[in-house]
Engineer: 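This structure is in structure tokens; I'll ask about it shortly.
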Amino acid sequence: SKYFDSALGQQLRSARVARGLSQEDVARLAEVSRATVVALERSPGAARVHSLLSAAHACGLAVNAQESSPQLLGVGLLARSKPSARESDM
């Protein structure tokens with residue numbers, strides 16, 4: 001549903017902001033385009049699953065797809081700031 005898509009997009013954006021990441025940072029970490037990150041934050045239901053999983057992971061989230069309505073779950077990385085230079089090179 002549109003509400004579901006909107007809620008996932010808001011969770012993704014909130015996690016990104018909480019980690020101090022820009023959309024460009026997430027795009028680089030997830031190996032997707034910035035346009036994909038923008039689209040995920042607006043309507044993730046229209047995205048490829050791999051793109052959603054990659055962006056969620058870059059923001060410190062995991063996807064719980066076992067429910068009838070998938071959810072993004074924090075996995076303990078939200079307190080971290082931007083990746084160090086060494087992490088960025090990986």
Side-chain angles (χ1 to χ4, degrees):
S1 76
K2 280 189 162 188
Y3 173 77
F4 164 70
D5 287 349
S6 176
L8 275 181
Q10 289 172 358
Q11 286 179 296
L12 187 62
R13 182 181 186 287
S14 293
R16 175 180 62 77
V17 171
R19 286 195 72 198
L21 297 170
S22 68
Q23 290 174 330
E24 291 84 5
D25 293 331
V26 173
R28 183 178 42 77
L29 291 167
E31 298 180 351
V32 298
S33 69
R34 180 182 172 275
T36 297
V37 175
V38 170
L40 287 168
E41 290 184 357
R42 289 187 181 157
S43 181
R48 292 185 348 200
V49 172
H50 180 266
S51 297
L52 177 59
L53 293 174
S54 295
H57 179 73
C59 292
L61 300 170
V63 178
N64 176 5
Q66 306 241 339
E67 301 288 327
S68 59
S69 296
Q71 302 168 353
L72 296 177
L73 306 170
V75 291
L77 299 176
L78 294 179
R80 290 179 47 188
S81 60
K82 289 186 179 181
S84 67
R86 188 168 43 205
E87 287 178 305
S88 296
D89 293 337
M90 295 182 174

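These numbers come from the heavy atoms of this one structure, side chains and all, not from hydrogens, waters or symmetry mates.
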Engineer: Nearest 0.5 Å please: distance from the CG atom of L29 over to the CZ atom of R16.
Structural biologist: 12.0 Å

Engineer: Determine the minimum heavy-atom distance between V26 and V37, stating which atoms define it.
Structural biologist: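 Nearest pair, atom of V26 first, then V37: CG1-CG2, 3.9 Å.
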
Engineer: What is the minimum heavy-atom distance between A15 and L61, and which atoms define it?
Structural biologist: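 It is CB-CD1, 3.5 Å.
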
Engineer: Looking only at non-hydrogen atoms, find the nearest pair between L21 and C59 and report the distance.
Structural biologist: CD1-CA, 4.5 Å

Engineer: V38: what forms a side chain to side chain contact (heavy atoms under 4.5 Å, CB included) with it, not counting sequence neighbours?
Structural biologist: Q23, R34, R42

Engineer: Determine the minimum heavy-atom distance between A30 and A55, stating which atoms define it.
Structural biologist: CB-N, 3.7 Å

Engineer: How close do D25 and G20 get, heavy atom to heavy atom, and via which atoms?
Structural biologist: OD2-O, 4.2 Å

Engineer: Identify, with sequence neighbours excluded, every residue that meets side-chain hydrogen bond (donor to acceptor under 3.5 Å, both in side chains) alongside T36.
Structural biologist: S33

